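Here's the structure we're looking at; comments come further down.
Treat the numbers as computed from the prediction; the structure is a model and nothing was measured.
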Amino acid sequence: MAEIGLRPRMLVKDVMTNPVITVDENASINHVAELMDKHELGCIIVTGKDGKPIGIITERDLVTRILAKNIKPESVRAKDVMTSPLITIEPDETINEAARKMNRLNIRRLGVTYKGQLVGLISSKDILSVMPELLETIQEKAIIEREHIAQAATEEGASLAGYCDRCGGWSDNLKERNGEFICEDCRAELES
């Protein structure tokens, strides 16, 4: 893909969300919920006294740890509700690695850190949003490669292995006829 101007792999920094909305560990849960509502977020990153990320509060955390237990949100601090530690990934990791890490740890969000500083957030939704583009890129690359292979084979008079464009069957002896790659049986049919 590099020869057609595309990076061979998509990186976390290409799809992460930034800047990240954070809240101090001593903030009330009311404040956390207000920020989530105001910014239309599904999570907030919690920072410690030094400003470093120490945890995350998700909508699910609010439901299971506050609402389901009928606890008054104004009486609870972010540090009491957050999931800690915040699981992170580097911005130069591939989105495949991010997806694997999320799957392995059964989580949907990763903090993105560079040299210990929080620079973004990547979610499973971010990864899913770019999948159609990745699939289109892969398909386009396959078409281009197939055209190069077909052109080389046609120039050399060699046959190709693959699926016949006419019958769909596998053949080790495809030849180009009228822009299609067809097997021996289909070529015989055309000639008769």
Side-chain angles (χ1 to χ4, degrees), residues 1-2 4-69 71-142:
M1 286 192 294
I4 58 174
L6 297 172
R7 188 172 14 194
R9 50 196 188 127
M10 190 164 279
L11 305 178
V12 167
K13 66 184 174 187
D14 297 327
V15 297
M16 71 181 188
T17 302
N18 69 335
V20 180
I21 304 299
T22 62
V23 69
D24 182 75
E25 64 183 326
N26 291 313
S28 73
I29 290 303
N30 270 354
H31 182 63
V32 170
E34 287 168 1
L35 283 175
M36 289 172 83
D37 181 46
K38 178 182 175 185
H39 297 284
E40 298 179 357
L41 300 172
C43 70
I44 295 276
I45 302 296
V46 181
T47 58
K49 293 175 180 62
D50 58 359
K52 299 249 190 245
I54 59 172
I56 186 170
I57 298 176
T58 66
E59 292 169 326
R60 185 174 192 276
D61 293 330
L62 295 178
V63 169
T64 59
R65 297 176 183 165
I66 302 297
L67 296 175
K69 294 182 179 167
I71 297 173
K72 293 185 179 190
E74 64 272 2
S75 66
V76 182
R77 300 285 156 228
K79 64 183 173 186
D80 301 323
V81 178
M82 71 181 183
T83 300
S84 184
L86 175 66
I87 308 298
T88 63
I89 194 163
E90 293 284 321
D92 289 324
E93 290 288 339
T94 65
I95 62 170
N96 289 344
E97 181 55 34
R100 278 189 213 101
K101 192 171 197 176
M102 287 180 201
N103 185 50
R104 188 175 64 248
L105 299 172
N106 197 25
I107 57 176
R108 292 183 292 191
R109 298 169 181 93
L110 294 169
V112 182
T113 56
Y114 179 70
K115 295 184 179 178
Q117 297 296 314
L118 183 68
V119 294
L121 185 74
I122 187 167
S123 69
S124 53
K125 185 178 174 183
D126 295 327
I127 294 170
L128 287 173
S129 72
V130 297
M131 292 314 275
E133 292 173 28
L134 290 176
L135 291 174
E136 286 176 16
T137 302
I138 291 167
Q139 289 171 334
E140 289 172 11
K141 182 179 184 287

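Between Thr47 and Ile54 there is no side-chain heavy-atom pair separated by less than 4.5 Å. Residues Leu62 and Ile29 are in side-chain contact: their nearest non-hydrogen atoms beyond the backbone lie under 4.5 Å apart. In this structure, Ile122 and Thr17 have side chains that are not in contact, with every pair of non-hydrogen atoms separated by 4.5 Å or more. Using a 4.5 Å cut-off on side-chain heavy atoms (C-beta onward), Leu105 and Ile87 make contact. Contact check for Asp14 versus Ile95: no side-chain heavy atoms found under the 4.5 Å cut-off. At a threshold of 4.5 Å between non-hydrogen side-chain atoms, the residues Asp61 and Met82 do not count as touching. With contacts defined as side-chain heavy-atom distances shorter than 4.5 Å, the pair Thr94/Val12 does not qualify. Leu128 has its side chain out of reach of Asp126: every pair of non-hydrogen atoms, C-beta onward, lies at least 4.5 Å apart.
Residue Val32 comes nearest to Ala78 through the heavy atom pair CG2-CB, 4.2 Å, listed as atom of the first residue, atom of the second, then distance. Pairing each heavy atom of Leu86 with each of Pro53, the nearest pair is CD2-CB, 3.6 Å. Between Ile127 and Ala98, the shortest heavy-atom contact is CD1-CB, 4.1 Å.
Between atom CG of residue Leu41 and atom CG of residue Leu121 there is a gap of 9.0 Å, rounded to the nearest 0.5 Å. Annotation: the span from Leu110 atom CG to Ile56 atom CD1 amounts to 8.5 Å, rounded to 0.5 Å.
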Output, in order, the C-alpha distance, side-chain angles, deciding distance and verdict of side-chain contact (heavy atoms from CB on, under 4.5 Å) for Thr83 and Arg65. CA-CA 11 Å; Thr83 300; Arg65 297 176 183 165; 3.3 Å; yes
Residues Ile21, Ile45; criterion side-chain contact (heavy atoms from CB on, under 4.5 Å); working and verdict: CA-CA 7 Å; Ile21 304 299; Ile45 302 296; over 6 Å; no
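Applying the salt bridge (Lys or Arg N to Asp or Glu O under 4.0 Å) definition to pairs two or more places apart or across chains, those involving residues 97-119 are Glu97-Arg100. Listed by first then second residue, pairs satisfying salt bridge (Lys or Arg N to Asp or Glu O under 4.0 Å) with a partner in residues 72-93 read Lys13-Asp92, not counting sequence neighbours. Within the structure, salt bridge (Lys or Arg N to Asp or Glu O under 4.0 Å) contacts touching residues 30-58 (residues at least two apart or in different chains) are Glu25-Lys49.
Checked against Thr22 for a side chain to side chain contact (heavy atoms under 4.5 Å, CB included), the options Ile44, Leu35, Leu118 give a single hit: Leu118.
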